[in-house]
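Below you'll find the structure, written out as structure tokens, and then a few comments.
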Amino acid sequence: MTTLTAPPLDLAPRLASADIEDFVVPTGREEEWRFVPMADVAAFMHPDADAGTLMAEPGPHVAIVDAAAADRTAWLPTDRPSAIARAGVASVIQVRVGADESVPEPIVVRLTGPTARTYGHVDVRVGAHARATVVLVHDAGVDASGSIVVEVGAGADLTMLSVIDGPPENVHLWQWHADVGRDARFTGAVITIGGRVVRIMPSVSYSAPGGTAELLGAFLADGPQFLEHRIFVEHDQPHCSSRVVYKGALSGHGAHTVWIGDVLVRREAVGIDTYELNRNLLLDDGPRADSVPNLELETGDVVSAGHASATGRFDDEQLFYLQSRGIPEQLARQLVVRGFFVDVLARIGSEHWRHEILERISSRLGMSDDHADLLRDVEGTDP
Amino acid sequence: MSTLAITDLHASVTTDGGPREILRGVSLTVEAGSTHAVMGPNGSGKSTLAYVIAGHPKYEVTAGSVTLDGADVLSMSVDERARAGLFLAMQYPVEVPGVSVSNFLRTSATSIRGEAPKLRTWIKEVKEAMGDLQMDPAFAERNVNEGFSGGEKKRHEILQMSLLKPRIAILDETDSGLDVDALRIVSEGVNTFREQTGAGVLLITHYTRILRYIAPDVVHVFVDGRIVESGGPELADVLESEGYERFVTAPA
């Protein structure tokens, strides 16, 4: 006879604290650190008095506020680097959109760093029934660790884009939490292109019923890049939904990506709907992709809950087909990779940023100017 | 006047048990304005002939030559062959997720023509070509071959042929999987293309029924990796009534 025992709840509760000493220095053997090249992130495991604070240009919706005086959102860090950064920042980048306000153009926050190693804290609050797109550009060319904390008011609709780009030697460690209000919609997209070691931890919780969260990701890893996206969606309110779609393209020896999709559905979260998907495209034999979806249900009373994960090789038949129509090999490869990302990028509201991201992806893939011109012409067409 | 000349072509595919020869000395010349039908039983290697001419990396040419107007086709990359004026309408066109038909057509037309077609004339050109093949305009917004029915895939292949205007077109089993109406529409597309461009056509087929719509000038019987008999259109009638048996059992 077989006895079935419930597995321990290991997705939650997670330790959340502002006190650095509540988090021991990880060794790399812990579940949440097991993939990370620890030597590369060691500098962020102890407070560094010389680390500067990430800044941004103030604007109509963006303010730089002294950390001691800032009214920070209640969310607390769940790992040591994030707690250190939170304690270490001299100022907070605040993004505010008032209730009922509709901001037509994306609010662009370009992070700038005064020193090679930086801490950052971005606090975004969007009032009830407001509508906005916020773009965070992480391409300052500095190592950074910090938190992005988001509150989406009741009935509001916020799209946030975090574009991790810049030199291939930087470290980016970010915790990104969004709290979604009643009947609100949050779309959070992480576009990871640059950096040497990148670890982004997007998480979502709901403060009231009826919220919708869409977490999107597109990442491109090459050569020795390590890119980890560790997602946590906690359904603790009824009638909410979550969609997670992350896609990665990998090439080159030593490229390593990790995607962890943890979804926890609490007992009280009845009538929810959740789905998560990760797809990885290996462009050659060099890279390694780890993909781990975890779905934990404390209630069976859900509308639907599912996940999928697949990692596949670049399809040479697609290349042959496109080339047999006269399209040069390099351009054909670009088309296939861009096509791979299209469904993720299509969900990003801003057309300008969709094109900007495609251009950054293509330029990372080494597209020639001629081909770039050709695609610009083609994609502006709609016969 | 374009000429595709295939001379004593041998090609192999790599298998677990080592290389296996599939083409065993194919010689065939297709001139502009003429239509050649290559007919043969399943497994005779006739589709391999099409893929080898197009340059599929799976096959290795071990002997012989293929030239287009004297230029060595075998030394060209797949895309160079297309730009030189060769086109292969595939039996199993490949899905390319995330790439719309519209973007795909314009990218290939730009690559083949060497410059981007003027937008206004291009839109008109595509619309007309789609109309001729009775394709819904919404088709252009779909992803290349993704979720296409068998008939849609074949129409899409012929659409590309009529827009890219090759000098020599190879149609690999274009009739397979088509119902009578679709076969008629696709055949009309091929006939219009022949009349308008004067291109040479190499029609590879297992069945004679497409030859009722597309009249060949020459019919070749293809068995065991080579052409065993050539003749006029009447040879197709012989195959229709007698099948391939005589050729298959004939001593080599």
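First the proteins, then the strands, lettered A, B, ... as listed; each starts at 1.
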Answer with side chain, backbone, both or neither: which region of A:Phe320 has an atom nearer than 4.5 Å to a non-hydrogen atom of chain B? both

Whether B:Arg106 engages the ring of B:Phe104 as a cation-pi pair (distance to the six-membered ring centre under 6.0 angstrom, angle to the ring normal within 45°) should be assessed. no

Proximity breakdown for B:Asn143 and chain A, heavy-atom pairs closer than 4.5 Å: neither

Using the test ring pair (Phe, Tyr, Trp, His ring centres under 6.0 Å), find all partners of A:Phe226 that sit at least two apart in sequence or belong to another chain. A:His256

When you look at CG of B:Asp72, are more than 12 heavy atoms from neighbouring residues, nucleotides or ligands closer to it than 6.0 Å? yes

With sequence neighbours excluded, what pairs up with A:His371 under the ring pair (Phe, Tyr, Trp, His ring centres under 6.0 Å) test? none

So, the part of A:Leu319 with a heavy atom under 4.5 Å from chain B: the answer is neither

Shortest non-hydrogen contact from B:Gly98 to A:Val342? O-CG2, 3.5 Å

Atom CG in A:Leu161, atom CG in A:Leu136: separation rounded to 0.5 Å? 8.5 Å

Roughly how far, to the nearest 0.5 Å, is the CZ atom of B:Arg155 from the CZ atom of B:Phe148? 11.5 Å

Residues in residues 56-71 of chain B that sit under 4.5 Å from chain A, counting heavy atoms only: B:His56, B:Pro57

How about A:Thr133 and A:Ser350: does a side-chain donor come under 3.5 Å of a side-chain acceptor? no

Does any backbone or side-chain atom of B:Glu95 lie under 4.5 Å from a heavy atom of chain A? Answer side chain, backbone, both or neither. backbone

Picking from B:Leu164, B:Leu88, B:Leu86, which has the most non-hydrogen pairs under 4.5 angstrom with chain A? B:Leu88

Which residues in residues 73-82 of chain B have a heavy atom less than 4.5 Å from any heavy atom of chain A? B:Val78, B:Asp79, B:Ala82

Most heavy-atom pairs under 4.5 angstrom with chain A, which of B:Leu105, B:Val144, B:Asn145? B:Asn145

Given B:Thr205, which partner from the list B:Thr174, B:Asp175, B:Asp172 fulfils the side chain to side chain donor-acceptor pair (under 3.5 Å) test? B:Asp175

How long is the straight-line distance from CG of A:Asp165 back to NE2 of A:His138, given to the nearest 0.5 Å? 10.5 Å

Identify which part of A:Ile327 has an atom lying under 4.5 Å from any heavy atom of chain B, answering side chain, backbone, both or neither. both

Heavy-atom count check: over 12 atoms from other residues, nucleotides or ligands less than 6.0 Å from A:Arg131 CZ? no

Pick out which of B:Gln160, B:Lys153, B:Glu152, B:Lys154 makes a side chain to side chain donor-acceptor pair (under 3.5 Å) with B:His156. B:Gln160

Trace of the side-chain hydrogen bond (donor to acceptor under 3.5 Å, both in side chains) decision for A:Thr311 with A:Asn280: CA-CA 4 Å; A:Thr311 296; A:Asn280 299 305; 3.2 Å; yes

Identify which of A:Ala332, A:Pro328, A:Ser324 forms the greatest number of heavy-atom pairs closer than 4.5 Å to chain B. A:Pro328

Under 4.5 Å from any heavy atom of chain A, what part of B:Pro93 do you find: side chain, backbone, both or neither? both

If you count the non-hydrogen atoms of other residues, nucleotides and ligands that lie under 6.0 Å from NE2 in A:His352, is the total more than 12? yes

